[in-house]
Amino acid sequence: MNDFFPDWAGDDEELARMNHQEHRDPADALRRLILDTAPPSRMDITRAAQDGFRLRRRRHIARSLTGVATVGVVAAAAVLLPGHLHDTALPTSAPATSNSRSSSGAGTCPTLRGAAGTPSGTDYRVEVPAEFGWLPSDEVSQVSESVTNFADTDGLDVTTSDPYIVSAVSASDADVNIYLSVYAYAAEVPGQHAALPPGCPSNEIDGTRGGSAQSGYQIPAPEVNGGKAYWFTLHQGVIDDGGTTELIWQTPSGTWASVSGTDLDSATVQSTLEHVADTAEVGQAGLASPLQIRGVPAAARMQVGQVAITQSADGDRNGYSLQFPLTFGTGEYMGQVDVSVYPAGQNPDNGGYATVCDTVSGWQVCLQDVNMSGVAQSGLAAHLPGGMTALQHDLVVHGKDPSTWSAELVEGSK
Amino acid sequence: MAPHIPDGDFVEYMAAHALWLRRVAYLLCQDWDQADDLAQTAMTKLYAHWPRARKVENLDGYLRTILVNTFLSETRRPWWKRIVSSEQAAEDVAAEMPDLDASLDVRDALAALPPRQHATLVLRFYCDLTVEQTAVELGCSQGTVKSNTSRGLASLRVLLEGGVSA
């Protein structure tokens with residue numbers, strides 16, 4: 001193998017010379033790499049078109065956020081936590097291997113968020129397991145990585161081994177990101193080799209820990225808010241800003257969390273991430289919304305799709321976006337309405353779907369009848385008497401004063 | 001409302017370019033499963049911009065840029081979000097085809113490079129782009145491309161001489 005890639009200055013003349021030495025040609029090595037091992041492809045052009053079309057339709061929310069971002073913004077993605085909220089708080093003692101906020105009995109994998117499927121009861125509350133505190137003045141959060149843009153029905157159900165992630169994105173450079181992550185249990189924490197809790201999918205854990213190339217290195221770090229901490233990096237002895245380094249800590253209550261960053265100033269990345277970690281608020285907390293609904297329509301399933309908040313450096317929230325789908329029926333009779341709220345003045349991108357919008361108290365509130373992939377006709381008419389107009393009347397929109405907002409998405413009962 | 005019917009010119013274009021896209025994706029990530037995911041994501045993003053993208057003069061370059069940016073974005077995410085090649089799968093392949101050892105060494109050495117050096121080498125040597133073209137697609141200066149190429153090759157040489165650490 002020593003004949004590969006001799007010292008090379010990187011100019012085209014040298015490349016041309018090397019191309020005449022086949023056994024030393026990088027291009028030849030790359031071509032052979034492809035031809036040796038290719039298995040059958042899983043690529044699906046039709047699915048790409050369907051998902052891409054949904055992306056076109058959904059992008060208007062991100063655009064509206066970009067328009068209102070000023071100096072610094074905090075974003076959070078949230079999930080709706082249906083039912084059983086009051087017995088699922090983070091543990092107050094320090095468990096060795098779990099951050100579970102839900103039951104962790106035999107065969108039940110700990111999770112940070114509501115389970116998939118039909119919610120039970122009428123207790124709907126928007127919660128997040130962590131929020132940013134301090135951020136560099138130029139950081140703006142837009143959309144959490146933990147909520148997929150491709151989800152219409154089941155994509156919102158994040159697997160239990162996925163950590164909760166809040167992302168902050170720079171207002172001036174989209175490549176500059178800071179991530180705050182919270183883990184459901186220790187076995188998914190980089191550098192921790194804890195036992196897998198009962199009921200957790202082992203394949204996800206394998207993916208979490210990665211293969212040999214991702215085994216990584218631990219570097220001692222100062223305590224974070226009284227919790228022991230370490231840097232975890234793929235490059236020995238290097239705390240870099242390439243997205244391969246995380247500052248990981250365990251809070252006194254036992255919760256594992258981490259921060260990482262990309263394209264941060266290399267001279268200050270270490271101190272920046274340490275301060276982000278020190279000021280982060282880890283623990284379940286309600287996320288207030290200016291939009292509520294008077295009860296979930298019969299036969300409907302409701303989830304929060306995406307919440308994004310824009311916040312200036314002085315803490316003034318100047319933008320808010322919430323989108324949640326209401327799904328009716330099943331299979332080929334399934335229908336869906338996406339409900340969204342964002343600052344007034346934004347023009348909705350209806351994507352060709354039937355859309356009803358209204359401006360209320362400074363907010364643009366829209367409902368879209370979203371057809372499902374593979375469904376010939378919307379199931380909405382069969383399951384929602386009165387259609388979207390009736391649903392619109394059930395929405396409660398508060399003003400711009402956050403003190404009037406509520407984390408409870410459902411107000412009272414119908 | 002009927003399901004969305006994909007634009008015919010998109011289907012036609014991707015049918016002709018899917019194999020190429022997948023191979024470039026594989027060279028970037030060294031894992032066929034992840035390559036399929038990267039290529040799928042790139043196709044999806046392309047379609048999301050298709051009304052505008054179909055008019056682009058260099059559509060191949062446009063798609064390649066989407067792919068590379070997707071790859072670089074993935075590498076910037078916390079690393080657990082990335083799909084990692086299976087060591088066992090690699091061993092299985094090697095057992096069936098012993099002469100793959102050299103390719104697997106190159107693959108592991110590539111994986112050890114910083115993402116931008118890695119992408120630079122793939123664009124320059126597999127996609128056969130010039131320094132100028134590579135700089136445009138990576139959104140950096142020509143000098144950066146040259147230095148990334150030189151450093152990348154030097155690192156590969158060192159890694160291949162010394163063996164890739166597990």
Side-chain angles (χ1 to χ4, degrees), chain A residues 1-2 4-12 26-27 29-34 36-39 41-46 48-53 55-56 59 145 163 165 177 179 181 188 190 207-208 210-214 234 242-244 246 258 260 262-263 353 371 373-378, chain B residues 1-4 6-7 10-11 14-15 18 22-23 26-27 32 36 39-40 43-48 50 75-87 93 97 100 102-103 105-108 111-112 114-115 121-122 125-126 128 130-131 146-147 149-150 153-154 156-157 160-161 166:
Chain A
M1 295 303 301
N2 295 356
F4 278 119
F5 317 131
D7 285 333
W8 187 69
D11 56 44
D12 289 331
L30 292 175
R31 288 188 201 103
R32 280 191 284 113
L33 195 57
I34 290 171
D36 283 343
T37 59
S41 173
R42 292 185 291 103
M43 293 171 66
D44 184 336
I45 296 172
T46 301
Q50 296 291 350
D51 291 340
F53 184 71
L55 268 183
R56 282 186 216 167
R59 202 179 297 122
E145 298 284 345
I165 305 173
N177 291 260
Y179 301 95
S181 305
E188 64 179 2
T208 298
S212 59
Q214 302 265 14
L234 299 183
T244 59
E246 300 172 67
S258 74
S260 59
T262 63
D263 284 4
Y353 297 115
N371 70 296
S373 177
V375 177
Q377 291 185 333
S378 168
Chain B
M1 191 174 290
H4 177 70
D7 295 338
F10 172 79
V11 174
M14 282 316 312
R22 186 181 187 232
R23 286 175 169 176
Y26 174 75
L27 289 177
W32 285 109
D36 282 341
Q40 185 74 28
M43 282 198 303
T44 300
K45 290 180 177 178
L46 177 65
Y47 195 75
W50 188 247
T75 62
R76 288 178 188 130
R77 288 185 183 182
W79 64 270
W80 67 81
K81 295 294 289 181
R82 289 176 248 150
I83 302 169
V84 182
S85 58
S86 164
E87 187 179 22
V93 172
M97 305 173 69
L100 287 182
S103 293
D105 282 348
V106 174
R107 189 190 66 177
D108 288 349
L121 294 186
V122 171
F125 295 117
Y126 181 72
D128 206 22
T130 64
V131 169
K146 287 183 177 180
S147 64
T149 305
S150 180
L153 288 175
L156 280 184
R157 180 170 51 80
L160 291 170
E161 285 175 350

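Naming: A, B, ... by sequence-line order, numbering from 1 per chain.
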With rounding to the nearest 0.5 angstrom, report the [atom1] to [atom2] distance, [X] to [Y].
X	Y	atom1	atom2	result
Ile45(A)	Gln40(B)	CD1	CD	9.0 Å
Met14(B)	Thr46(A)	CE	OG1	11.5 Å
Arg42(A)	Trp32(B)	CZ	CH2	12.0 Å

If one checks every heavy atom of Leu121(B) against chain A at 4.5 Å, the contacting part turns out to be backbone
Only pairs of heavy atoms separated by less than 4.5 Å count here; which of Leu27(B), Val11(B), Asp36(B) has the most with chain A?
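Most heavy-atom pairs under 4.5 Å with chain A: Asp36(B).
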If you look at every heavy atom in Thr44(B) and Ala48(A), which pair is closest and at what distance?
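In terms of heavy atoms, the two residues are closest at OG1-CA, 3.5 Å.
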Check Ala49(A) against Phe10(B) and note the closest heavy-atom contact, atom names and distance.
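It is CB-CE2, 4.2 Å.
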